[in-house]
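The structure appears right after this line, and notes come after that.
Please read all numbers here as calculations on a predicted model, not as lab measurements. For ligands, and for the atoms within them, numbers begin at 1 and follow the listed sequence.
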Amino acid sequence: MNILLTNDDGIDAVGLATLRRALEGFGDLWVVAPEREQSAASHALTLLDPLRVRRLGERAFTVSGTPTDCVLVAVRGIHGLMEPKPDLVISGINQGPNMGDDVTYSGTVAAAIEGRLLGLPALAFSNAAWHPEQWDASAEVVRRILKLFLGDPRLSDALVNVNIPDLPLEGILGVCVTHLGKRRYRDEIEARTDPRGRMYYWIGGEPPVWEPDPLSDFGAVSSGYVSVTPLRMDWTARDAFELFAPWERSWGARSGCESSEKPR
Ligand code: MN
């Protein structure tokens, strides 16, 4: 089996080295990772700049772009870069959580999404601490999760987001299947002044705060469980169809798409 490893923290990240070490023996491991950190790159593609690919070893490359670029280049793009093509895409292990609403910003999750869009099963792993100390435990969790994943052929088109509490293995209570949690937004943009007296802004600072919800990813991780959230690509809010149906009717019956039979 060919496994493509990538991340958004960049080629030199401890989490990527940990992932690679964790997966020794699972198959042929290929690393195609951003040459620089791309955290919060989301699902961005680089369209206006050239992508430079640098070979670091027989199965290791950097790309001068985003995590999504890396997966695309590895799977589709570059002649001879990854032959044969991957059977599985694994992104991570991210330094810091990728939970709830923040999944939309995540370069780690986006790399897995790109894998899924290209027809491959894909997993994203994050250590939920901003400064992880338990990388060995995270590696063991990755191995256990991957064994479960590969053991069930029904998961061959799955997209899975895994967040691991930064605890020693004996402190991890188990696995919890969760939904995405709800982030509480706060003022997080700092205004500063540069040496020439001009204002500038910096996003971030405080760690995110979450709505309490024991069945969410955040709830599970904060109770000491590994959070496993199966994701889907279809963002359609089927439960909102009813609210928008009057828009169809307001333009008359000729639109031809009105149907009470629309799938929910
Ligand atoms: Mn990151």
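- A cation-pi contact links Arg192 to Trp202, judged by a cut-off of 6.0 Å to the six-membered ring centre and 45° from its axis.
- Looking only at atom types and distance, the side chain of Asp213 has a donor-acceptor partner in the side chain of His179 under 3.5 Å away.
- Judged purely by distance below 3.5 Å, without hydrogens or angles, the side chains of Thr229 and Asn161 never pair a donor atom with an acceptor atom.
- The nearest N, O or S atom of Asp9 is closer to the Mn ion (ligand 1) than 2.8 Å.
- Ser42 places no side-chain N or O within donor-acceptor distance of the main-chain N or O of Gly107, the cut-off being under 3.5 Å.
- Atoms OD1 of Asn94 and OD1 of Asp8, as seen from the Mn ion (ligand 1), are separated by an angle of 80°, to the nearest 10°.
- At least one N, O or S atom of Ser39 sits under 2.8 Å from the Mn ion (ligand 1).
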